[in-house]
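Scroll down for the structure; my scribbles are underneath it.
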Amino acid sequence: MWYEKAMRARILPLVVIVSSAMLACPKSKEAGRAKVDPGPVPKAVQGSLQHRPVIDTHVHIAPTEITRAVGIFDEVGISWGLNLSGLWPGGPLEEQLAAAKASGRLLVACNLPWFVAKKTKDFPTIAVHMLEDAKKLGARALKVEKGLGLHHKNPEGKLMAVDDPWLDPIWEAAGRLHLPVVIHTGDPKAFWLPVDENNERLEELTAHPGWSYFDDKEVPSFEQLLEQHINLVKKHPNTTFVSVHFGNNSEDPFWVADKLEKYPNMYVDIAARVPEIGRHDPQKVKDLFIKYRKRILFGTDLGIGQEQFIMLGSFGEEPNKREEVSPFFKAYFAWLEATGDQPSPTPIQGRWTIHNLGLPEDVLDDIYVNNALTLFGPAPEKPISSP
Ligand SMILES: [Zn+2]
């Protein structure tokens, strides 16, 4: 295949590890998309934290770590997950798909090798071929990492905008192939601000100084990136976009609601942004979640990599510990289901109180299960073994 030649020519170095937050893809929606049979609703995982079925649409699992992932799914009650770190054909999407299939608990999104864009003018064509191959192999979405917009360059050596028209064939192909585009643009707003005691992510930025963009002249502003992101969604109405981390603007959930209203091809997940969304007026957030219940997906940004690596939305100087996993999921579930207040589930991102939403059962069903089945279904084939 073309990419094998490209790899021999060293255009495509083989990238093997996929642990932290940088990949994705989804599919389908009401306007102009063929409906896919979502298949049966999964069962609740017996003996877990949850008595309902839950699908986690935002996980990053290395192909060698599937057994650990399934152990976590069983403990916390995840029926199945969407692995946003599938990479591309030959790189090793096939390995990810095979591991996912054997587990019966994961679907896989492919990614694209954006670093190739600076090496050849043919990148959009190459990417479209990759998407076609990925679809044939069984990928259920395309995940686009935040590097698009922040770092990746074109053959002229210029930073590519998220909505760069040169890349339009990729988004059109994703729409045609019914591969939803799960896309991360930018980062938390605080990463653009001075790293001092006024920065609400001081603890996280102190642990990871390289995550700050303050004074980085190479990187567009938070607002510019959001504008590019929304323009992309607007320009491709026949392509479904899952704008991760609550529309990539969790600091302002009501801005996100306005975009959901305007663009029916836009969906959002809540991954790694419960602290930001949860600090707003709970009644207003609850109303928003009820109104857009068909467009909001459950996701956590659980990352599982080699050498016992665990990430729960973010991490400090050390990766998360195994015993932190259940409390983290419990807090996510409680935020959606319970009433009252609780501490933020990701203290490294800011230590404030969040207000639980107490969503109705039928809304929980949409957010936990139905929307994921609509976009990425059908569910993995192997049924969960349950008593
Ligand atoms: Zn992620």
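Just so you know, ligand 1 is whichever comes first in the structure, and atom 1 is the first atom listed for that ligand. Every heavy atom of this structure was used, including side-chain atoms; hydrogens, water molecules and symmetry mates were not.
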Can you tell me if H245 has an N, O or S atom under 2.8 Å away from the Zn ion (ligand 1)? no
Would you verify whether the NZ or CZ of R295 falls within 45 degrees of the ring axis of Y267 while also being under 6.0 Å from that six-membered ring's centre? yes
Salt-bridge present (K235, D168; N to O < 4.0 Å): yes
Lys/Arg N to Asp/Glu carboxylate O, K217 vs D215, below 4.0 Å: yes
Would you check if the Zn ion (ligand 1) lies under 2.8 Å from any N, O or S atom of H58? yes
Salt bridge or not between E361 and R52? Use side-chain N to carboxylate O under 4.0 Å. yes
Name, closest N/O/S atom of D301 to the Zn ion (ligand 1): OD1
